[in-house]
Amino acid sequence: MSIVIRNGTVVNATGEYPADVLVEGERIAALAAPDSGLAQQWASGAERVIDAAGKYVVPGGIDGHTHMEMPFGGTFSADTFESGTTAAAWGGTTTIIDFAVQGKGTSLLSALDKWHSKADGNCAIDYGFHMIVSDVNDTSLKEMEACIDAGVNTFKMFMAYPGVFYATDGEILRAMQKARDTGSMIMMHAENGIAIDQLVAQALASGRTDPVQHGLTRPPELEGEATSRAITLAKVTGAPLYIVHLSAAHALDAVTQARDTGQNVFAETCPQYLFLSLDDLAKPDFEGAKYVASPPLRPKEHQAELWRGLRTNDLSLVSTDHCPFCFKDQKGLGRGDFSKIPNGMPGVEHRMDLLYQGVVKGEITLSRWVEVSSTTPARMFGLYPRKGVIAPGADADITVYDPTAEQTISAGSHHMNVDYSAYEGMRLTGKVSTVLSRGRIVVDDNAFHGAAGHGTFLKRDLSQYLV
Ligand code: URP
Ligand code: ZN
Ligand code: ZN
């Protein structure tokens, strides 16, 4: 069974060129120059020929940070693995890496089993896992080795959320030592949760209860401080460090400085920090609750710094931190007390499109768009060259992208299982036209052709991105 994609412009992280692509089974079999005549030969026996004239042919997106069915604040994020991966496919993303969560007093391996039972047989695209470590002890440190053998070699820790996920500096140090010894990597939620909790208590005690207080009680300095502290602990232990969902210029400064000295420090940012701001959190009538996530949205001035970081590779990639909660039934838990609003925002469907606006506006180049949304996530998380590149031998995870189509984001037309869009009414240039996941057409001409259970679990190699 073969598929030919003709007349398009192949865009890889290394550049773009006109080429025809032959897909055989689950893999890319060959690329050919358009004037070679090969595409005509391929087309004669092909099951399907896709005309990509005027379109880009890019490696399917890899979203390295999602939370499907995640327990948080007494509720669960609203997307299942089926609905979330389906929405991802609609937006040109063909791999997600989700976070299994170790609860306090439980084991890493039982968390991994639990996340497999949620995801296996239910995903429309391929998926892997990171592991959230919330209980550092001799047993869980030892279990990190078994996780690595099982293809889960990235461990998220929290300097925020005391009493829930929070880890002390000593616990972080011990986990980093283990990461150093095993070649694995610590991912850090870098916010000073101890100080933040005091600011939150003071705000509530003085009657400041609106959603905007979520942002005001988590100042960017406390993200910068935690980021610097995590970098220092990584330096002392010699472990690589990956900062998740970086939002503040203060934190980016710390990452930039560490990278300039050659430390293995990396960071991702998310579309919400590039396009939304504290002004959204300040929307009246509790509307701001739609934008509550941690770290919080920042004043607009931070956005230019983040785009700069993306250009200079101080920000290595863009993930969504997709963690949707419905406005009506879930965000509403925090009416009258912003600290009870479930933290998280939807976004898995629109990451490729939103980032493409950076190309349209001249913030990043076309090949950098592919690099930060697919190739670097593949290398960072041990999936390259199976994923993240249009090349013979790679999985046929391919997004055909129409750079001239126009669309308007709306909860009325999106496919995520959430009753609002954080980008409602935003007009975009560019749109996915066809998506292949391991050789299967899953989205084509505004229709979904995929199925739950097509996606397979990806046992990941160690990071291929370390210096
Ligand atoms: O607010 C957020 N980011 N929710 C998801 C959990 C996390 O910290 O990534
Ligand atoms: Zn986090
Ligand atoms: Zn997250």
Side-chain angles (χ1 to χ4, degrees), residues 63-79 84 88 96-103 111 115 127-134 154-167 172 185-193 196-197 200 211 213-215 217-218 222-223 226-227 230 241-248 251 266-274 276 278 280-281 288-298 317-327 330-331 333-334 338-348 351 377 381 416 418 422:
D63 190 340
H65 187 154
T66 67
H67 302 280
M68 310 301 175
E69 304 176 41
M70 184 200 178
F72 194 101
T75 186
F76 286 83
S77 59
D79 262 316
I96 62 161
I97 310 178
D98 204 88
F99 286 81
V101 183
Q102 177 206 25
W115 256 258
Y127 61 99
F129 294 131
H130 310 287
M131 176 61 67
I132 286 177
V133 181
S134 57
T154 34
F155 300 93
K156 182 179 176 189
M157 303 188 77
F158 288 76
M159 301 167 105
Y161 305 123
V164 190
F165 296 126
Y166 176 81
I172 292 167
M185 187 150 64
I186 298 297
M187 309 172 89
M188 190 59 71
H189 181 130
E191 288 185 291
N192 184 329
I196 285 168
D197 271 13
V200 169
Q213 295 300 326
H214 175 77
T217 55
R218 306 178 91 92
L222 293 184
E223 186 185 344
T227 304
L241 174 67
Y242 181 94
I243 304 290
V244 291
H245 47 46
L246 187 149
S247 71
F266 312 99
E268 66 178 17
T269 191
C270 311
Q272 55 268 34
Y273 303 122
L274 294 164
L276 303 173
L278 192 62
D280 293 290
L281 261 177
K290 293 177 176 174
Y291 306 92
V292 166
S294 295
L297 300 181
R298 299 300 183 187
L317 61 94
V318 178
S319 307
T320 58
D321 193 12
H322 175 77
C323 190
F325 296 100
C326 287
F327 182 59
Q330 295 182 294
K331 292 286 187 180
L333 294 169
F338 68 89
S339 72
K340 295 199 165 53
I341 301 169
N343 284 204
M345 287 173 55
V348 75
R351 183 183 64 118
F381 301 126
M416 298 175 286
V418 58

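In listed order, ligands and their atoms are each counted from 1.
Residue Cys323 has at least one heavy-atom neighbour below 4.0 Å for each of these atoms of ligand 1: 5 (C). For ligand 1, the atoms sitting less than 4.0 Å from at least one non-hydrogen atom of Ala293 are 1 (O), numbered in the order shown with element in parentheses. The atoms of ligand 1 that sit less than 4.0 Å from any heavy atom of Lys156 are 7 (C), 8 (O), 9 (O). Of all atoms in ligand 1, listed by their number and element, those nearer than 4.0 Å to a heavy atom of Phe158 are 8 (O). Within ligand 1, counting atoms from 1 as listed, the ones closer than 4.0 Å to a heavy atom of His189 are 8 (O).
If you look at Glu191 next to ligand 1, there are no close heavy atoms at all, none under 4.0 Å. Proximity of Met345 to ligand 1, defined as any heavy-atom pair under 4.0 Å, is not found for any part of the residue.
Metal site remark for the Zn ion (ligand 2): Lys156 contributes an N, O or S atom at a distance under 2.8 Å.
Cation-pi geometry between Arg218 and Tyr161 is met: under 6.0 angstrom from the ring centre, within 45 degrees of the axis.
Here the heavy atom of the protein found nearest to atom 1 (O) of ligand 1 is Ser294 N, 2.8 Å.
In this structure, of Asp321, Ile341, Val292, Ile132, the residue bringing a heavy atom nearest to atom 3 (N) of ligand 1 is Asp321.
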**Prompt:** Would Glu69 and Ser77 count as a side chain to side chain donor-acceptor pair (under 3.5 Å) if you check the C-alpha gap in whole Å, the side-chain angles of each, and the deciding distance to 0.1 Å?
**Reply:** CA-CA 5 Å; Glu69 304 176 41; Ser77 59; over 6 Å; no
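Defined by atom type and a distance below 3.5 Å, a donor-acceptor pair is present between the side-chain atoms of Asp79 and His322. Between Ser294 and His214, the side chains place a donor N or O and an acceptor N or O closer than 3.5 Å (distance only, hydrogens not considered).
Geometry about the Zn ion (ligand 3) gives an angle of 90° between NE2 of His65 and OD1 of Asp321, rounded in steps of 10 degrees.
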